[in-house]
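Inspection log for the structure reproduced underneath, given as structure tokens.
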Protein chains: 2
Amino acid sequence: MTRQPTILDVAALAGVSKSVVSRVMNDSPLVSAETRKAVLKAAANIGYRPNAAARHLASNRTHILGAVVDDLHNPFFADMLDGVEDVARERGYRVMVMAGKRNTRHEEDAVEAFLELRVDGLLLAGPQIRAQTLKRARAATRVVVAAHRLRGNSVRAVATDDIRGAELAVQHLAGLGHSHIAYLQGAPSPPARDRLSGYQRSMKKAGLAPVILQADFTEDGGYAAARELVRSGAIPTAICAPNDLAAIGAINALEDAGLSVPGDVSVVGYDDTALAGLRHISLTTVHQPRRALGERAAELLLDEEEEPSRPRQILLPPHLVIRSSTAAPRGGHEPSPHRLPSPASTRSTP
Amino acid sequence: MTRQPTILDVAALAGVSKSVVSRVMNDSPLVSAETRKAVLKAAANIGYRPNAAARHLASNRTHILGAVVDDLHNPFFADMLDGVEDVARERGYRVMVMAGKRNTRHEEDAVEAFLELRVDGLLLAGPQIRAQTLKRARAATRVVVAAHRLRGNSVRAVATDDIRGAELAVQHLAGLGHSHIAYLQGAPSPPARDRLSGYQRSMKKAGLAPVILQADFTEDGGYAAARELVRSGAIPTAICAPNDLAAIGAINALEDAGLSVPGDVSVVGYDDTALAGLRHISLTTVHQPRRALGERAAELLLDEEEEPSRPRQILLPPHLVIRSSTAAPRGGHEPSPHRLPSPASTRSTP
DNA sequence: CTAATATGTGGGAACGTTCCCACTCGGAAC
DNA sequence: GTTCCGAGTGGGAACGTTCCCACATATTAG
């Protein structure tokens, strides 16, 4: 790698000063059309590429948005990032991503890396960092938290209304006639807390007794919790899972125990990931507006005037997607159809 | 955001020169323990954080690896990035990711962004960029391509041996006694080409007639192709899909047509994503060593001695993971032909 | 005709580091 | 008692931009 050409090389070749080249590179109107053309040609000729470091240093702007993503394996964040990217690109910003790997140390290191880069905005998606780190970040740049509702009000955040989401699930099940609705709780996190409290609230409102089991956000967690439910003998007619993966685990446990879904037990997931939509799975689930979450987050990050009046915490409404993992409880009526194959074909059966 | 403290602020507070502070920040041994302690204390007191841009500019090193990932929704890349990250972190490098979004323009813009940043190494994961862009990138920094085998030999690359992978699938099926093995081809890309040629080669070796249908790497693509196969009336006893998602689509199409998997038709996927492992799906599939792919790629990027002897192409061996979507063909019978619509009517549809 | 304005252009000082060189000051070697 | 050396320190010149100010020239207003 030989030395890369600089603005001065371009200037020399084009026979102008570095100032003019700089202006051309920044689309300043203060350059004659003729000069601009010559500079552009010279730049192309020698393969000039602006040096971001020098640019950042001199201008104190990077036009980079840093996104620290808790878990790149979770497609939830990929969807969200699409939204972030779109808004950022539109406004002339680039989005760089670092993986937190579900690990506080890694996540905080990523935050530090972006702060050293002096990114113009920092997006923390599902962050697992200490309050102190968050505070330090906030002191250095604009920060928006996504997918986690925050306790305090000091940092701007965008999240789904998870209380409402859990309510939707319970209401759907109660509406179908279920009264024994169990809840599998996810690993400790703001969303898990909100979903639980939504469940509790709507169970109370419906006059039903809550049944809560500890699980986590994995297939295995859902499997273990549902198996526990089966073992206990007190099998509910419906289960709310903390996310789609856990719902799938729960379904597996139920089927392993000889129970049919939704025949014997209805199951509702959360997130509406691509998984839930697979025909084989066809999970009724609470949809999160993932892309919109990203868009709102980016807007919060980039909007010029940080009006203090503006809501600092944006909650987006979820909605329920009804597929084939839920049905009315067995009430002595006709046996519920098995949920496979596709709904269309079952419905058209004479 | 008030002005952030610089090395000079730290120096003033600690009562030393900026040179000393710089040395402390870079762990130089040429500082007395006493001075080091004072500097560190001063830095912590005023919340000093090195300015990456200034550092990069002065040292001409960034200690950043840029990774352009074709599609962040594909968990394949998340696994790979884990490998990249581990190796990079071990050697004091940070990995920043930009999403290509399956789009040449976005991907090339991401490449450009990283080149402007003057990253110390550039990883292109499943790149969809023009040869010219690749060449320009190579002229500017170290470049490694991952997950795509390249035609030429001019850029270093790490990939799975997809020819071998497809062979494994065919050999498994042939070993089970299948002779009608159809292949669904993925969207045009180096891996799709390799897998196809592996299929063709091993079919020929086994003395079997190849049947090839155009599909893509999505569930819908697999569904459509398998449905076409069903409609044509010439139903194979086994299908090789270009990836797991397409395999799932194919299975859905088969089951929608009243065929059972693996009873009537065996299906093999490719990639061994988390999807394939779900109990409900339990797909026999070709496993790619994703994390190892990332590790090798990072090593190639970071290994000190870039032997000019020749750019290397590393091919990692895949292996077959046998689950429940494959079985021996039904002895003697072809799958029930009576339930198929007339070929004439299907052929008239587009 | 002069003054004022608009339009380009050039030069130099930042920006916050690293890195090289020069310097001081003990102590060891002669 | 010099000389030499190494450890520790300080100062200044890069690095490649942006941005401000000064200037040159052409155009317009009075």
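All values reported here derive from a predicted model rather than from experimental measurement. Here is the naming used below: chain letters follow the sequence lines, and residue numbers restart at 1 for every chain.
Judged by closest nucleotide on DNA chain D, Val31(B) is the one of Val31(B) and Ala54(B) placed further toward the 5' end.
Among residues two or more places apart in sequence or in another chain, the side chain to side chain contact (heavy atoms under 4.5 Å, CB included) test is passed with Ala192(A) by Ser189(A), Phe217(A). When the side-chain hydrogen bond (donor to acceptor under 3.5 Å, both in side chains) test is applied to Asp9(A), the partners found at least two apart in sequence or on another chain are Arg3(A). Taking the side-chain hydrogen bond (donor to acceptor under 3.5 Å, both in side chains) definition, one finds that Asp86(A) meets it with Arg291(A), Lys101(B), sequence neighbours left out. Among residues two or more places apart in sequence or in another chain, the side chain to side chain contact (heavy atoms under 4.5 Å, CB included) test is passed with Arg130(A) by Glu108(A), Gln132(A), Thr133(A). Under the side-chain hydrogen bond (donor to acceptor under 3.5 Å, both in side chains) criterion, Asp70(B) pairs with Gln128(B), not counting sequence neighbours. When the side-chain hydrogen bond (donor to acceptor under 3.5 Å, both in side chains) test is applied to Glu90(B), no partner is found at least two apart in sequence or on another chain. The side chain to side chain contact (heavy atoms under 4.5 Å, CB included) test applied to His73(B) returns Ala78(A), Asp79(A), Asp82(A), Asp71(B), not counting sequence neighbours.
Backbone-only contact: Asn26(A) has heavy atoms under 4.0 Å from sugar-phosphate atoms and none from a base.
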message: Walk me through whether Asp120(A) and Arg142(A) qualify under side chain to side chain contact (heavy atoms under 4.5 Å, CB included).
response: CA-CA 7 Å; Asp120(A) 289 340; Arg142(A) 291 179 154 216; over 6 Å; no
Chi angles and distances behind the salt bridge (charged side-chain N to carboxylate O under 4.0 Å, His left out) call for Glu112(B), Arg49(A)
CA-CA 9 Å; Glu112(B) 181 63 24; Arg49(A) 177 161 25 230; 3.2 Å; yes
Please tabulate, for side-chain N and O atoms in residues 31-40 of chain A, each donor-acceptor pair with protein atoms closer than 3.5 Å (sequence neighbours left out).
| from | atom 1 | to | atom 2 | distance (Å) |
| --- | --- | --- | --- | --- |
| Ser32(A) | OG | Thr35(A) | N | 3.2 |
| Ser32(A) | OG | Thr35(A) | OG1 | 2.6 |
| Arg36(A) | NH2 | Ser28(A) | O | 2.7 |

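The nucleotide range of DNA chain C contacted by chain A, defined by atoms under 4.0 angstrom from heavy atoms of the protein and reported 5' to 3', is dG8(C) to dG16(C).
No side-chain heavy atom of Val84(A) sits less than 4.5 Å from a side-chain heavy atom of Glu295(A). For the pair Leu123(B) and Leu65(B), the minimum side-chain heavy-atom distance is 4.5 Å or more.
Bending across the helix from dC1(C)-dG30(D) to dC30(C)-dG1(D), expressed as the angle between its end axes from five pairs apiece, amounts to 50° (10° rounding).
By the neighbour-count criterion of 12 heavy atoms within 6.0 Å, atom CZ of Arg105(A) is sparsely surrounded, having that number or fewer from other residues, nucleotides or ligands.
For residues 33-52 of chain B, proximity to DNA chain D is found at Thr35(B), defined as any non-hydrogen atom under 4.0 angstrom from a strand atom. In the region residues 13-25 of chain A, proximity to DNA chain C at under 4.0 angstrom, judged on heavy atoms, holds for Val16(A), Ser17(A), Lys18(A), Ser19(A), Val20(A), Arg23(A).
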